[in-house]
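Following: one structure in structure tokens, then a few remarks.
Lettering of chains follows the sequences in order, A, B, ..., and the numbering in each one begins at 1.
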Number of protein chains: 4
Amino acid sequence: MNFDNTAPIYIQIMNLIKKDIILGKMNLGEKLLSSREYAQNLKVNPNTMVRVFNELEREGVTFTKRGVGTFITESEEKVEIMKKEMAEDIVRNFIEGMMELGFNFNDMIALIKSRLDKEAVQ
Amino acid sequence: MNFDNTAPIYIQIMNLIKKDIILGKMNLGEKLLSSREYAQNLKVNPNTMVRVFNELEREGVTFTKRGVGTFITESEEKVEIMKKEMAEDIVRNFIEGMMELGFNFNDMIALIKSRLDKEAVQ
Amino acid sequence: MNFDNTAPIYIQIMNLIKKDIILGKMNLGEKLLSSREYAQNLKVNPNTMVRVFNELEREGVTFTKRGVGTFITESEEKVEIMKKEMAEDIVRNFIEGMMELGFNFNDMIALIKSRLDKEAVQ
Amino acid sequence: MNFDNTAPIYIQIMNLIKKDIILGKMNLGEKLLSSREYAQNLKVNPNTMVRVFNELEREGVTFTKRGVGTFITESEEKVEIMKKEMAEDIVRNFIEGMMELGFNFNDMIALIKSRLDKEAVQ
DNA sequence: GTGGTCTAGACCACT
DNA sequence: GTGGTCTAGACCACC
């Protein structure tokens, strides 16, 4: 696991887990690894994982059975909403940023396309 | 002026100024307000504005005439590059984020379009 | 049965049983279900029920006949004391909390009344 | 400062601060002591205070000016809501608990009155 | 100076 | 074994 420097590690790990859920790599109601196991795997301090678990639960992404473990929400709706919100955030930031630079819809499409093409070649 | 909590204030102000230059609200070679004036207008700590000016100069966006003031670069090319770099940053972040959520090119376009339509209505 | 996260599950179950006794839903001297049966019914870890039984016995609410089972105390006085203690706890917490928020006796009565009225309507 | 054992220290400190605001001991918009100063005064680890500040901000009770300090909300409405919510919590718990023990409105009033009289004497 | 994050290690209650 | 809390001490970015 490599963490970039900009965002706090606990946020990056939260996003990792959320994306795994969204992409179906983890199933609804499934038990997560224990915080200690995650900490070992990701080479991170156990307290950092505790924080990740707390925040995920606060967001309704997971829930805790005390003394048993932490589980992914069983609500498919919640996952859908989560995906939608994460996408909307990204889209809003993108549009806002581009419009502030004076780009219009067609410019945006063109830039995305050219960037994707470039990546495809590599 | 209100600043959000996600990015450092000095970065947000830098972007403000850069966007004004890119959009032609400020002209090449034009003199900027003094950092103190900016600090007053934006209700920001003077040291924060000093940092803004330093960083802008380091990036080549502005230059200083000692005892006279700080001026916007006179290089049109520099402004073009700046615009391109800012756009590329935004585009890269967008694509990366959307792909991690499992969206493809067509999804991206659709989401941008629907968001722009929604804003147009309002 | 769902348990909230604020209090330990074993405490919540203890209170359940105590209230059943106080309200006469369970009779003095009556035999309780076995801890295993309780555990199944409440979907709770068997060890948790063992703890419930231990604590109840420690408090004198129940007693055990070895090889036979666990029984509710036969002392009516014990039940009365129990009820009184539980009520006093609740009353003390209430008064303490309300006074710390700056409410006086009349405020307390008014708030209780308004809350009861609201529930009665629903 | 003495902390009882039941609730986490950070919660107890949060409530301390909230009550000071509600009772007008601290004014709207006022700067709080720094987390380090609080930590010294309350003989608590600085990280514990950081957590207190985080949670208070999350609840909207305070806000942070980065690099400057933490301030009490300027919204009188927020304080009113906070007081109301804290009171409602206490009242709800009280009523629920008493009704589960089989007490009615008049019982509740009588018990509160007798308890207050007892305290007044002491 | 301010708050925010992270590591390290300990202790605890609950299951 | 599980998560939750707390202490201790360090480092960092920001103002």
Find the distance [X]:[atom1] to [N]:[atom2] and express it as a whole number of Å.
| X | N | atom1 | atom2 | value |
| --- | --- | --- | --- | --- |
| C/E55 | E/dA13 | CD | C1' | 12 Å |
| D/L32 | E/dG1 | CG | P | 18 Å |
| A/F63 | F/dT2 | CZ | P | 16 Å |
| A/E57 | F/dT2 | CD | P | 16 Å |
| A/K43 | E/dA8 | NZ | P | 13 Å |
| D/I9 | E/dC12 | CD1 | C1' | 13 Å |
| B/L42 | F/dC15 | CG | C1' | 14 Å |
| D/Y38 | E/dT2 | OH | C1' | 15 Å |

If you only use heavy atoms from C-beta on, which nucleotide in [options] is closest to the side chain of [X]?
| X | options | value |
| --- | --- | --- |
| D/F53 | E/dG4, E/dG3, F/dG3 | E/dG3 |
| D/V50 | E/dT5, E/dT2, F/dT5 | E/dT5 |
| A/S35 | F/dG3, F/dC14, E/dG3 | F/dG3 |
| B/N45 | F/dC15, E/dT15, E/dG4 | F/dC15 |
| A/R66 | F/dT2, E/dC14, F/dG9 | E/dC14 |
| A/P8 | F/dG4, E/dC6, F/dC15 | E/dC6 |

Mind running side chain to side chain contact (heavy atoms under 4.5 Å, CB included) on C/I90 and D/M98 for me, showing each step along the way?
CA-CA 7 Å; C/I90 295 172; D/M98 294 304 271; 3.9 Å; yes
Secondary-structure stems for DNA chain E, with pairs counted as Watson-Crick or G-U when both distances are under 3.5 Å and runs at least 3 long
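Stem segments, range with range: E:1-14 with F:1-14.
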If you compare every side-chain N and O of [X] against the phosphate oxygens of [N] (OP1, OP2), does one of them come in below 4.0 Å?
| X | N | value |
| --- | --- | --- |
| A/R51 | E/dT5 | yes |
| A/T70 | F/dG3 | yes |
| C/Y10 | E/dT15 | no |
| D/T48 | F/dC6 | no |
| A/T64 | F/dG3 | no |

Decide side chain to side chain contact (heavy atoms under 4.5 Å, CB included) for B/I17 and B/Y38; before the verdict, give the C-alpha distance in whole Å, the side-chain angles of both, and the deciding distance to 0.1 Å.
CA-CA 11 Å; B/I17 294 176; B/Y38 262 116; 4.1 Å; yes
Output for pair (B/T73 OG1, B/L56 CG), nearest 0.5 Å, gives 11.5 Å
Residues D/E55, D/I11; criterion side chain to side chain contact (heavy atoms under 4.5 Å, CB included); working and verdict:
CA-CA 9 Å; D/E55 301 283 342; D/I11 300 267; over 6 Å; no
Within the modelled atom types, does a donor on one side and an acceptor on the other bring the side chain of D/R36 and the base of E/dG1 under 3.5 Å apart?
no
Describe the nucleic acid contact of D/V68 in one word from base, sugar-phosphate, nothing, applying a heavy-atom distance below 4.0 Å.
sugar-phosphate
With a cut-off of 6.0 Å (strictly less than), are more than 12 heavy atoms of other residues, nucleotides or ligands near CE of A/M86?
yes
More than 12 non-hydrogen atoms from neighbouring residues, nucleotides or ligands closer than 6.0 Å to NZ on B/K84, yes or no?
no
Shortest non-hydrogen contact between A/E100 and B/L23, atoms and distance
O-CD1, 3.2 Å
Residue pair B/I11/D/N47 against DNA chain F: nearer the 5' end by closest nucleotide is D/N47
Would A/N93 and B/N93 satisfy side chain to side chain contact (heavy atoms under 4.5 Å, CB included), going step by step from the backbone distance to the final call?
CA-CA 10 Å; A/N93 281 335; B/N93 281 335; over 6 Å; no
